[in-house]
Amino acid sequence: DSVFVDYDDFICLSSYLEQVIHDYPYFAPQKVTIEQWGKIEQLALADDKYRKFFQEIREWKNRDPENRKDFWIYGV
């Protein structure tokens with residue numbers, strides 16, 4: 001299962017990604033732990049941004065039957 005995020009939408013998260021994952025590779029795959037993603041989400045929500053986006057990602061992760069502790073973000 002996967003979620004597609006448009007480049008223009010995804011690039012808006014760059015400042016949050018870079019605070020948690022230093023040297024984030026925008027054009028290559030990146031494994032992200034649930035803990036890292038939680039930090040990224042906290043930073044964005046503290047700025048009162050992207051609530052709907054993070055809710056959609058939470059719903060997607062909740063459908064994971066294996067309850068994995070990480071996921072991959074593929075380059076844009």
Side-chain angles (χ1 to χ4, degrees):
D1 195 16
S2 62
V3 174
F4 174 79
V5 179
D6 185 82
Y7 173 81
D8 292 332
D9 295 332
F10 188 75
I11 204 67
C12 294
L13 297 174
S14 63
S15 65
Y16 308 113
L17 290 167
E18 292 169 0
Q19 288 180 62
V20 176
I21 304 170
H22 305 290
D23 299 320
Y24 183 85
Y26 287 94
F27 300 99
Q30 172 66 47
K31 188 176 193 177
V32 179
T33 67
I34 297 304
E35 181 180 336
Q36 288 172 315
W37 188 252
K39 290 177 184 177
I40 293 164
E41 181 177 2
Q42 285 178 340
L43 290 168
L45 294 180
D47 286 345
D48 200 30
K49 295 186 177 184
Y50 313 113
R51 289 190 185 284
K52 184 178 179 190
F53 170 78
F54 285 105
Q55 178 61 36
E56 289 176 14
I57 299 299
R58 274 194 301 278
E59 290 172 8
W60 171 73
K61 278 300 295 160
N62 287 338
R63 291 191 303 267
D64 178 9
E66 296 177 27
N67 198 28
R68 288 173 278 226
K69 302 300 179 199
D70 55 49
F71 59 93
W72 286 87
I73 297 176
Y74 289 92
V76 291

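What you see is a predicted model; the values in this text were computed from it and never measured. The residues of the chain are indexed from 1 along the displayed sequence.
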In Val20, Ile57, Leu45, the residue satisfying side chain to side chain contact (heavy atoms under 4.5 Å, CB included) with Ile40 is Val20
Between the NZ atom in Lys49 and the CG atom in Leu43, the distance rounded to the nearest 0.5 Å is 12.0 Å
Taken in chain and number order and not counting sequence neighbours, the residues that satisfy ring-ring contact (aromatic ring centres under 6.0 Å, His included) with Tyr16 are none
Sequence neighbours excluded, the answer for salt bridge (charged side-chain N to carboxylate O under 4.0 Å, His left out) partners of Lys61 is Asp64
Residues passing the salt bridge (charged side-chain N to carboxylate O under 4.0 Å, His left out) test with Asp70, sequence neighbours excluded, are Lys31
Side-chain donor/acceptor of Gln30 to backbone N/O of Tyr26, under 3.5 Å
no
*Decide yes or no on side-chain contact (heavy atoms from CB on, under 4.5 Å) for Leu13 and Phe54, but give the supporting numbers first.*
CA-CA 11 Å; Leu13 297 174; Phe54 285 105; 4.0 Å; yes
dist Asn67:CG -> Asn62:CG (nearest 0.5 Å) comes out at 8.5 Å
Would you call the rings of Tyr7 and Phe27 parallel, tilted or perpendicular, where under 30° means parallel and over 60° means perpendicular? parallel
To the nearest 0.5 Å, atom CG of Asp6 lies from atom CZ of Phe4 at 5.0 Å
Inset, instruction - Indicate yes or no: does Glu35 engage Lys39 in a salt bridge with an N to O separation below 4.0 Å. - result: yes
